[in-house]
**Q** 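Sharing a structure below in structure tokens format, with a few things to ask.
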Amino acid sequence: MIDIHVHLADARCLSPGFVAGIAESILDDDRVERAVRLYLMDRHGKRLLSQMEAHGITKSILLIADFGPALGEPELSIQEVHEHHAAVARASGGRLAFFAGFDPSRGPAALDIVRHWTAVPGCEGVKLYPPCGFELDDERLLPLWQHCNDNGIPVLTHSGPSLPSLGRAQRYPHSLEEVVRRFPQVRIALAHGMVWDLEGTIRLLQQHPANLYADISSFHQLSAHELELMLEGCTKVPDQVLFGSDAPLFDFSGNLGAKIEELRGHLTPAQQAGLFELNARRFLHGTNA
């Protein structure tokens with residue numbers, strides 16, 4: 001079982017503005033932010049690895065979202081954030097890998113970071129967060145897309161709403177379709193895609209079966225009826241949906257184990273195999289290997 005969408009619960013790696021925004025989304029109270037910061041002390045991923053073992057998850061992808069230019073730099077520099085994630089992945093014995101973060105406002109240094117880390121074992125892709133102030137077809141991203149297209153590097157991009165303090169993509173989904181048109185070998189996963197815009201995401205996946213995937217992260221926020229509708233939608237694109245827990249965010253809203261069992265209860269064994277592992281292997285590596 002592969003979890004394509006987790007984050008390292010280490011406050012040193014996170015923009016203070018992002019931490020404050022998450023706390024405010026729970027309750028606008030300074031005590032909540034302090035509690036969230038205390039929770040974000042899993043520096044070496046030990047709590048995450050324990051949760052993975054409890055839920056039968058054999059591999060998780062740590063996503064580095066570069067919020068620094070938009071929401072304030074974290075305690076660690078962007079280079080140190082990558083170094084720390086690489087160290088955590090190495091120490092996990094293959095149970096953790098990570099995606100490098102990219103924000104074009106850092107200029108040429110952003111691409112240098114990606115080029116360096118995607119050549120290092122343990123880094124298996126790139127994470128984008130367009131609400132930080134760019135569109136997927138932004139000209140500043142063209143060298144990144146070319147690099148990923150030419151080297152078989154998968155990209156996971158945030159899709160849908162974000163924090164009120166951030167923007168929202170204005171040209172999506174046209175920006176995404178333009179990227180796929182220009183870079184036909186690239187593999188892109190839409191984070192939260194099956195949750196925030198089910199019908200629109202399904203249309204995109206059906207139009208681009210060789211390129212596009214979408215994860216189900218944030219599914220823990222759905223009602224029972226909404227969850228049924230999402231899983232029914234997954235059957236329309238069974239080879240392109242990915243399991244993502246969005247850890248540690250699910251920790252604030254319910255038990256992951258119970259949610260996974262609820263998912264299993266609605267899916268055939270073949271559908272479970274695709275959602276929980278095989279589709280992620282194709283997205284990550286281009287094959288089921």
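Keep in mind it's a predicted model, so treat the numbers as computed, not measured.
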**Q** Can the ring centroids of H5 and H192 be said to lie less than 6.0 angstrom from one another?
**A**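 They qualify: ring centres under 6.0 Å apart.
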**Q** Taking all heavy atoms of L204 and all of L212, pick out the closest pair and write down the distance.
**A**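 Distance-wise, the nearest heavy atoms are O-CD1, 3.7 Å.
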**Q** I need the R12 CZ to L40 CG distance, nearest 0.5 Å.
**A**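 It is 11.5 Å, given to the nearest 0.5 Å.
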**Q** Would D137 and R171 pass as an ion pair if we require N to O under 4.0 Å?
**A**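 Counted as a salt bridge, because a side-chain N and a carboxylate O are separated by less than 4.0 Å.
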**Q** For the backbone of D197 and the side chain of T201, can you confirm whether one donor and one acceptor N or O come within less than 3.5 Å of each other?
**A**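 Yes; at least one donor-acceptor contact below 3.5 Å.
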**Q** Counting N and O atoms only, with roles assigned by atom type, does the side chain of S175 sit under 3.5 Å from a partner on the main chain of E135, one being a donor and the other an acceptor?
**A**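 No, the answer is negative, given that no donor and acceptor are paired below the 3.5 Å cut-off.
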**Q** Under a single-linkage definition using a 4.5 Å side-chain heavy-atom cutoff for Ile, Leu, Val, Met, Phe, Trp and Tyr, are L198 and L275 assigned to the same hydrophobic cluster?
**A**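 In one cluster with L198: L275, yes.
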**Q** At their closest point, which heavy atom of S217 faces which heavy atom of V195, and how far apart are they?
**A**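 That would be O-CG2, 3.5 Å.
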**Q** Regarding R282 and the six-membered ring of Y213, is the cationic atom NZ or CZ under 6.0 Å from the ring centre and inside 45° of its axis?
**A**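 No, R282 does not sit over the ring of Y213.
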**Q** State, with a plain yes or no, whether a side-chain heavy atom of S105 is found less than 4.5 Å away from one of R140.
**A**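 Of all side-chain heavy-atom pairs linking R140 with S105, at least one is under 4.5 Å.
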**Q** Given E277 and R281, is the salt bridge (charged side-chain N to carboxylate O under 4.0 Å, His left out) satisfied, shown in steps?
**A** CA-CA 6 Å; E277 183 169 3; R281 290 190 181 280; 2.8 Å; yes
**Q** Does E124 form a side-chain contact (heavy atoms from CB on, under 4.5 Å) with K59? I'd like the steps, not just the answer.
**A** CA-CA 12 Å; E124 299 190 359; K59 181 175 182 176; 2.9 Å; yes
**Q** Kindly check if the number of other-residue, nucleotide or ligand heavy atoms within 6.0 Å of CD (E53) is above 12?
**A**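 Check fails, neighbour count at 12 or below.
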**Q** Going by side chain to side chain contact (heavy atoms under 4.5 Å, CB included), name the residues that satisfy it together with T157, two or more places apart in sequence or in a different chain.
**A**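 Here the qualifying residues are L128, P130, L136, I188, L190.
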**Q** Okay, side chain of H158, backbone of P161: is any donor-acceptor separation there less than 3.5 Å?
**A**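 Checked: pair present.
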**Q** Are L231 and L242 connected in a single hydrophobic cluster, I mean Ile/Leu/Val/Met/Phe/Trp/Tyr linked by side-chain heavy atoms less than 4.5 Å apart?
**A**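 No, no single cluster joins them.
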**Q** For the residue pair I113 and G101, what are the closest heavy atoms and their distance?
**A**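 Scanning both residues, the minimum pair turns out to be CG2-O, 4.4 Å.
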**Q** Which atom names give the shortest non-hydrogen contact between A214 and M194, and what distance separates them?
**A**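 For A214 and M194, the tightest heavy-atom pair comes out as CB-CG, 3.9 Å.
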**Q** Using side-chain heavy atoms (C-beta onward) and a distance below 4.5 Å, is H208 in contact with E177?
**A**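 Answer yes - side chains close enough.
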**Q** As an exercise, state the distance from CZ of F243 to OG of S60, rounded to the nearest 0.5 Å.
**A**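 So the CZ of F243 and the OG of S60 are separated by 8.0 Å.
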**Q** Find the distance between CD1 (I153) and CZ (R115) and round it off to the nearest 0.5 Å.
**A**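 I153 CD1 to R115 CZ: 10.0 Å, rounded to 0.5 Å.
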**Q** Of the non-hydrogen atoms in H85 and C13, which two are nearest, and what is the gap between them?
**A**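 The answer is CE1-SG, 4.0 Å.
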**Q** Within this structure, what is the NZ-CD distance for the pair K236 and Q206, rounded to the nearest 0.5 Å?
**A**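 Output value for this atom pair is 7.5 Å.
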**Q** Determine whether the side chains of S159 and W196 contain a donor N or O and an acceptor N or O closer than 3.5 Å.
**A**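 Short answer, yes.
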**Q** As an exercise, state the distance from CG of L229 to OG of S223, rounded to the nearest 0.5 Å.
**A**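 Between atom CG of L229 and atom OG of S223 there are 8.0 Å.
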**Q** Yes or no on side-chain contact (heavy atoms from CB on, under 4.5 Å) for M52 and L96, after CA distance, side-chain angles and deciding distance?
**A** CA-CA 10 Å; M52 289 168 56; L96 298 174; 3.7 Å; yes
**Q** Test: side chain to side chain donor-acceptor pair (under 3.5 Å). Region: residues 67-78. Which pairs qualify, not counting sequence neighbours?
**A**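 Side chain to side chain donor-acceptor pair (under 3.5 Å) check on residues 67-78 returns E73-R106, S77-E80.
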**Q** Should the ring pair F67 and F18 be called parallel, tilted or perpendicular, given that the plane angle runs from 0 to 90° and is split at 30 and 60?
**A**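 Rings of F67 and F18: parallel, as their planes differ by under 30°.
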**Q** Within the distance-only criterion (no hydrogens, no angle test), does the side chain of D215 pair as donor or acceptor with the backbone N or O of G244 below 3.5 angstrom?
**A**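 Checking the backbone N and O of G244 against the side chain of D215, no donor-acceptor pair under 3.5 Å is found.
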**Q** In terms of ring plane angle, is the pair H82 and F98 parallel, tilted or perpendicular, where the classes change at 30° and 60°?
**A**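 It falls in the perpendicular class, over 60°.
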**Q** Nearest 0.5 Å, please: how far is CD in Q79 from CH2 in W117?
**A**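 CD of Q79 is found 5.5 Å from CH2 of W117.
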**Q** So, the side chain of D42 versus the backbone of R47: is there a donor-acceptor pair under 3.5 Å, distance only?
**A**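 Yes: the side chain of D42 pairs with the backbone of R47.
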**Q** Would you name the heavy atoms of F102 and L111 that are closest together and state the gap between them?
**A**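 So the two residues come closest at CE1-N, 3.7 Å.
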